[in-house]
Amino acid sequence: MTTTFQAIVVDQVEGKPVPQLKNLTVADLPAGEVLVAIDYSSINYKDAMALTGTGKIIRSFPMVPGIDFAGTVVESSSADYQAGDKVVLTGWSVGERFWGGYSQMQRVKAEWLVPLPAGLSSESAMAIGTAGLTAMLCVMALQDAGVHHGKILVTGANGGVGSVAISLLAGLGYEVTALSQRPDENRDYLMGLGAKDVIGGPEWKEKPAPLGSQRWQGAVDVVGGTVLARVLSEMDYGGAVAACGLAGGFGLETTVMPFILRGVRLLGVDSVMCPKDRRMAAWQRLASEFAAPAQAQMQRIAGLGEVMALAKDFMAGTSRGRVVVDVNR
Ligand code: NDP
């Protein structure tokens with residue numbers, strides 16, 4: 001196959017990643033069992049870090065970033081997939097160690113793919129993407145911990161994981177409070193997703209007291225740092241926090257008090273290391289529980305040429321909802 005297609009390729013120049021839109025052919029792609037014509041990818045926080053050279057996300061150069069994608073199988077040497085199958089990929093260090101979704105074609109291992117769940121289009125799958133999958137894994141972690149109702153706090157509410165988590169939790173009947181750095185600016189959007197209240201304020205940047213008033217039966221935290229420390233100090237007795245992110249820092253200065261005196265559980269959630277059965281269960285639930293109106297409210301669609309500018313919004317903490325990348329636009 002000699003067709004030329006477009007991809008964002010990141011090279012390392014003088015120690016810094018330099019992304020460029022390039023023309024590639026199938027011969028340029030890495031070895032793998034399944035060749036996929038990509039329909040959509042998305043921008044996740046990790047992609048923004050990779051494109052802007054924040055941290056060391058990219059492990060080898062040149063790299064095609066994009067940690068998730070949805071598309072159609074073109075060729076397969078695996079018995080699990082045939083030409084024409086619709087597939088989704090999240091995780092497996094794609095876009096970090098292996099070439100990812102910011103390309104019109106990609107070749108990957110069969111075990112990295114899952115079939116597109118019935119009821120989802122490629123576009124919806126990437127409106128969900130890694131961020132939405134992680135939000136669902138957080139919901140499942142809270143449910144597994146016995147948190148089936150009550151007041152839930154979602155931090156980093158305006159972002160991808162936060163937005164999907166609010167919509168899913170509100171749909172399940174929880175009373176959701178959204179924590180945002182800019183509560184007034186984001187109130188209408190967050191209430192539209194199902195939040196009952198939107199809070200925020202300077203105290204969330206300060207080190208909290210070891211224990212505060214009991215306010216939350218559960219929490220989904222994407223921010224880490226002082227925000228996670230305060231969330232832990234405000235949990236009800238027996239409450240649980242699903243922690244998956246570090247948008248506000250990877251440090252955590254807390255005390256043993258919430259754990260000893262209030263039996264609080266801190267549940268780590270990672271979509272990359274998630275076993276295939278749980279990943280499939282999460283996708284099946286997303287296909288039925290992620291409502292179309294919520295998708296319309298939180299998604300915007302961008303082309304490959306817009307990805308770089310949008311990555312900068314993520315790093316500035318001003319990105320809203322989910323950014324779907326139409327790689328053929
Ligand atoms: P986004 O950039 O879309 O959202 C992050 C949100 O956090 C922002 O919109 C903002 O919300 C808030 N925020 C940003 N910077 C700060 C800050 N310095 N202090 C406090 N709040 C801040 O990212 P995602 O939702 O895609 O990802 C969020 C986090 O989750 C990232 O750390 C990402 O790496 C992680 N993640 C982890 C996964 C896993 O498998 N464990 C998978 C996907 C993401 P607001 O304006 O409302 O305050």
Side-chain angles (χ1 to χ4, degrees), residues 41-52 54-55 57 66-68 90-96 126-141 153-168 176-191 193 195 197-206 220-231 241-252 267-275 278-279 282 298-300 310-325:
S41 182
S42 78
I43 308 182
N44 293 274
Y45 196 81
K46 242 184 204 173
D47 299 313
M49 291 177 77
L51 288 163
T52 56
T54 312
I57 297 295
I67 65 170
D68 50 25
T90 60
W92 300 100
S93 298
V94 165
E96 301 173 58
M126 283 300 106
I128 295 166
T130 305
L133 175 67
T134 307
M136 178 53 90
L137 292 172
C138 288
V139 172
M140 289 163 70
L153 181 69
V154 176
T155 73
N158 204 41
V161 178
S163 293
V164 181
I166 290 169
S167 156
L168 294 173
V176 183
T177 297
L179 174 72
S180 177
Q181 297 173 107
R182 287 173 292 279
D184 296 335
E185 193 180 314
N186 297 327
R187 185 173 307 275
D188 289 351
Y189 167 71
L190 296 169
M191 303 281 263
L193 293 179
D197 195 8
V198 181
I199 61 169
E203 70 275 20
W204 288 91
K205 289 196 186 306
E206 292 161 16
V220 172
D221 177 61
V222 310
V223 176
T226 55
V227 166
L228 178 55
R230 185 169 293 272
V231 172
V241 181
C244 67
L246 43 70
F250 58 78
L252 176 60
L267 315 166
V269 172
D270 182 40
S271 61
V272 178
M273 297 301 288
C274 177
R278 192 148 177 100
R279 194 183 294 252
M298 73 176 75
Q299 100 169 17
R300 64 170 290 184
L310 291 165
K312 289 180 182 156
D313 294 345
F314 271 72
M315 296 325 295
T318 56
S319 182
R320 168 174 282 179
R322 294 281 300 136
V323 182
V324 175
V325 180

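The shown structure was predicted, so the numbers you read here are calculated from the model rather than taken from an experiment. Only this structure's heavy atoms are used, side chains among them; waters, hydrogens and symmetry mates stay out. Order of listing sets the numbers, starting from 1, for every ligand and every atom in it.
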Are the side chains of [Y] and [X] in contact, using a 4.5 Å heavy-atom criterion?
X: S163; Y: R322; value: no
X: V161; Y: C244; value: yes
X: D68; Y: S41; value: yes
X: V325; Y: I43; value: yes
X: K205; Y: Q181; value: yes
X: D197; Y: R187; value: yes
X: F314; Y: M49; value: no
X: K46; Y: V272; value: yes

Which segment of [X] sits under 4.0 Å of ligand 1 when only heavy atoms are counted:
X: L246; answer: both
X: V223; answer: side chain
X: V269; answer: backbone
X: M49; answer: neither

Is it true that a side-chain atom of [X] and a backbone atom of [Y] form a donor plus acceptor pair closer than 3.5 Å?
X: R230; Y: E203; value: yes
X: R279; Y: S271; value: yes
X: D221; Y: G224; value: yes

If you take the nearest heavy atom of each of [options], which one is closest to [atom]?
atom: atom 8 (C) of ligand 1; options: A242, G317, G162; answer: G317
atom: atom 13 (N) of ligand 1; options: R322, R320, Q181; answer: Q181
atom: atom 11 (O) of ligand 1; options: G91, G156, G129; answer: G156
atom: atom 18 (N) of ligand 1; options: A316, A247, G249; answer: A247
atom: atom 9 (O) of ligand 1; options: S42, A135, G159; answer: G159

Using a 4.0 Å cutoff against the non-hydrogen atoms of [X], which atoms of ligand 1 qualify?
X: S319; answer: 9 (O)
X: G248; answer: 17 (C), 18 (N), 19 (N)
X: S271; answer: 39 (C), 40 (O), 42 (C)
X: R182; answer: 46 (O)
X: D270; answer: 39 (C), 40 (O), 41 (N)

Protein contact to [atom] [nearest heavy atom, distance to 0.1 Å]:
atom: atom 34 (O) of ligand 1; result: Y45 CD2, 3.5 Å
atom: atom 30 (O) of ligand 1; result: G245 CA, 3.4 Å
atom: atom 45 (P) of ligand 1; result: S180 OG, 3.5 Å
atom: atom 28 (C) of ligand 1; result: V222 CB, 3.8 Å
atom: atom 42 (C) of ligand 1; result: T134 OG1, 3.0 Å
atom: atom 37 (C) of ligand 1; result: C244 O, 3.0 Å
atom: atom 3 (O) of ligand 1; result: G160 N, 2.9 Å
atom: atom 25 (O) of ligand 1; result: V161 N, 2.9 Å

Close N or O approach (N158, ligand 1; < 3.5 Å): yes
Quick one: pull up CE in M315 and NZ in K312 and give me the separation to the nearest 0.5 Å. 12.5 Å
When rounded to the nearest 0.5 Å, the distance separating CG of L153 from CD1 of I199 is 5.0 Å
So which heavy atom on A141 is nearest to which on R278, and how close? N-NH2, 3.9 Å
